[in-house]
Amino acid sequence: MDPVPWMEKLNDAQKEAVQATEGYVRVIAGAGSGKTRVLTYRLAYLVTVLGILPENILSVTFTNKAAGEMRRRIRDLLGENSAALVNTFHGFCVTILREEIHHLFYPNRFLILDVEDQKALLRELYGEMGISARDFSYSEILHEISSRKSNGLYVATVCDPAFQAGPPPSGGEVPDKRAAIFSGYLAKQRKLYALDFDDLIQFVLHLFLTVPEVLAKWQERIQYLQVDEFQDVSSRDYELACLLSGKYGNLFVVGDPDQTIYSWRGANIRYINEFDREFPNVRTIVLDRNYRSSPSILSVSNSLIRHNVNRIEKQLVPVRQSVFRVLHHHARTAKEEGWWIARKILSLREQFGLEFSDFAVLYRANYVSRVIEEAFVRNKVPYTLYNGTEFYSRAEIKDCLSYLRLLAFHDDLSFLRVVNLPSRGIGKTRIAFLKEYAAKNGTTLFEAFRRNGSDRIFARTGASEFLDAIAEGERLVDHVPVSDLLDFLLKKTGYEAELLAGGDDDRKNNVAELKESIDDFEKDAGEPTTLADYLSRIALFTDLSRRERGDSVKLMTIHAAKGLEFPYVFVCAMNEGIFPSQRSRDRRDIEEERRIAYVAFTRAEDGLFLTDAEGINFDGSPRVPSRFLLNIDAELYDHDGRIDPALWNVTRQYEKVTDWDETPEAEAPEAIGVKSRVRHPVFGNGTVLGVSPDRRFFTVKFDAIPLPKNISSDFRGLTLAEE
DNA sequence: ATTTTCGAGATTTTT
DNA sequence: TCTCGAAAAT
């Protein structure tokens, strides 16, 4: 008695979820339990069985990859015009802002800043303030800006028409330099009318809370809201979902608390765990049948995740038959580890008639990929590197996009990037001249340049050639596709000539790949795309990074692999300090690392291989196998290669520091000062070389380790040594 | 005044 | 291994 034939493919719990369209519904969906299928079928059910209009339905996720996959599937079920009902949080915010941002005294054309842009903006600011990047590292400051922004109040400041975008306070002793950097950053972003990733959501929330008719309009539109990966929502995402679904009260959330791996970005497991206490009459559906992984892989995963204390017990039940037992390989060097993986892939492929694309290699941190790549090159294993942000932050890609952005926005950020690229003899001094003119006349740098391009200051430079190219490009903007526009610009500005002259094939390929991706984008959109359209979308595409080339092994971080599945998975560099990361300092951090491992393991369908290698860490300490290997019941997996029991002992030492419930009562950190002799549970005895100005950490030279290490002053394990 | 070179420092995860 | 900033060279 199913209303639609495809419902036959679903089990009872999945069917129940698909048909639970009204009210507040929470689905706890274990890895590989057919979550995506439920989400897509539910959309199809709403449209075909209930007759709901697609524009009244919205399905949101976090990544473009997941949204793209959903769009593809829903298109297969419902046809072309259904794509719009799937979006990412950020993409949907852009949609809202393009219609509504004028309420906030921002123009409808706003610029979206990615991390590289943010850094460029900071670099400018530092120059004006006379600050060095050594004292205030970009990433640290960006993190702080992000957390300062999370209180939401700044939006009102930035949008205030009276907000002065003047130069930040400089010279003299500013009591709080970080506060000054923050306000300087806000001033700069306002001047550019730019929004960074945090702003996209913050501005929408601010709009909803201050302009009631905007909220009412979107609440009316979104009659059915479903949210994927709900375990990863932050307080802002949560607030947005609640507001949007506030009128009709149809909110359907899906997630798996065991797969929370974005805490560092504000994800809070609380929102899924306490969902039933927040809303009335919540229906909870549990999907615990696993269709993806073989029983061996599943029991290893279950065995691992059981070590997390803060967790709701849930056992995944396998549906499939086992193919291989999970295998661990311990290598003597990182190089050998890479070679073992390459060799294993070649032999499995030979033996079972597999494709290279059946294999994925996952790792905790991007830098691990280098060794693997090298081994793959040597063994002629074709691979595709999915390196998150890296593709779009490649210099040549940013260059190309900056040229396009300069045409669309005339903004200072893009201008500064491309004006001397290739080198036209326009350096610090001439830029300073432009800045002065721009400040005096209230124009953009580009306008200043256009007015003064023939001034004698710019004699003997390529100024006129550059201005001609841009002017001609502007005439073309509305008449040719974006891809042709880029082609034109690169030729006319001499960028392409310079690129071809250099022997760097990677850079050439990257530019070629960008052109292809623009082509794809235009075909995908169906209708002619405007430049502004393209630019506002591309800013969010950080993970579309690289198209798979031919039949090849996929290399990516575990975070990037979330939501994907592969027949054969290698999880490499399973060493203390890499995985779990050296940065994890307490039990909560370790539990998140363990969830990351759990996500990695549960990506595998038929085969799972875990590898680690001995060697030296950055700080000179020796590498030992990851504690997660010890977490798995020994009889559930096999070892290939012998491990010196002494290594396991060191692993246990590490484990004691962070994994035990409470570290024993220790001396108050105040007692430790410069030249104190201290004792550390893992590194042994050492001497304190220095204390950070804010007393956040001590710099300690341990006797047994060549380089000094910074130890958090909150860390209770560091005590005065009794000698 | 601009470009090149060289050395030091940094390395989680990403929308 | 790669990136960034300051000094040297053109």
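Chain letters run A, B, ... following the sequence lines, proteins first, then strands; residues in each count from 1.
- One finds a side-chain N or O of A/Asn366 lying less than 4.0 angstrom from the OP1 or OP2 phosphate oxygen of B/dT14.
- A/Asp232 places its CG atom 11 Å from the C1' atom of B/dT13, with the value rounded to the nearest Å.
- Residue A/Tyr367 contributes atom OH, which lies 15 Å from atom P of C/dC2 at whole-angstrom precision.
- In this structure, the CD1 atom of A/Ile145 is 20 Å from the P atom of B/dT15, given to the nearest Å.
- The residue A/Phe89 sits apart from the nucleic acid: no heavy atom pair falls under 4.0 Å.
- B/dT14 is unpaired under the Watson-Crick or G-U wobble criterion, no partner having all donor-acceptor distances under 3.5 Å.
- The side chain of A/Ser139 lies closest to B/dT11, out of B/dT13, B/dT11, B/dT15.
- Nucleic acid contact for A/Tyr126: none, since no nucleic acid atom lies under 4.0 Å from a heavy atom of the residue.
- Separating the CD1 atom of A/Ile590 from the P atom of B/dT13 is a distance of 17 Å, rounded to the nearest angstrom.
- A gap of 15 Å separates the P atoms of B/dT13 and C/dC4, to the nearest Å.
- One interatomic measurement links the two molecules: CG of A/Asp114 to C1' of B/dT14, which rounds to 12 Å at whole-angstrom precision.
- Here the C1' atom of nucleotide B/dT15 and the CG atom of A/Leu240 are 14 Å apart, to the nearest Å.
- Cation-pi geometry between A/Arg603 and A/Phe566 is not met at under 6.0 angstrom from the ring centre and within 45 degrees of the axis.
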Run the salt bridge (charged side-chain N to carboxylate O under 4.0 Å, His left out) check on A/Arg405 and A/Asp117 step by step: do they pass? CA-CA 12 Å; A/Arg405 210 163 62 174; A/Asp117 298 326; 3.1 Å; yes

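- The side chain of A/Arg123 has C/dG5 as its nearest neighbour among B/dT14, C/dG5, B/dT15.
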Using the rule given for salt bridge (charged side-chain N to carboxylate O under 4.0 Å, His left out), can you reason through A/Glu229 versus A/Lys35, listing the C-alpha separation, both sets of side-chain angles and the distance that settles it, and then say yes or no? CA-CA 10 Å; A/Glu229 308 283 16; A/Lys35 174 187 82 172; 3.4 Å; yes

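- A donor atom on one side chain and an acceptor atom on the other are not found under 3.5 Å apart for A/Tyr598 and A/Gln259.
- You'll find the side chain of A/Asp228 stays beyond 4.5 Å of the side chain of A/Phe230, heavy atoms only.
- Ring-base stacking between A/Trp264 and B/dT13 is satisfied, the centre separation being under 5.5 Å and the plane angle under 30°.
- Salt-bridge annotation for A/Arg627 and A/Glu576: present, with a side-chain N of the basic residue lying under 4.0 Å from a carboxylate O of the acidic one.
- Proximity of A/Arg430 to the phosphate of B/dT2: a side-chain N or O atom is located under 4.0 Å from OP1 or OP2.
- Contact check, A/Tyr138 against B/dG9: no side-chain N or O comes under 4.0 Å of OP1 or OP2.
- Nucleic acid contact for A/Asn420: sugar-phosphate only, since backbone atoms but no base atoms lie under 4.0 Å from a heavy atom of the residue.
- The CD1-C1' distance, from A/Ile201 to B/dT15, rounds to 8 Å in whole Å.
- The phosphate of B/dT14 has neither OP1 nor OP2 within less than 4.0 Å of any side-chain N or O from A/Thr63.
- Pair assignment for B/dT2 gives C/dA9, based on Watson-Crick or G-U wobble hydrogen-bonding distances that are each under 3.5 Å.
- Distance CZ (A/Arg623) to C1' (B/dT11): 11 Å, rounded to an integer number of Å.
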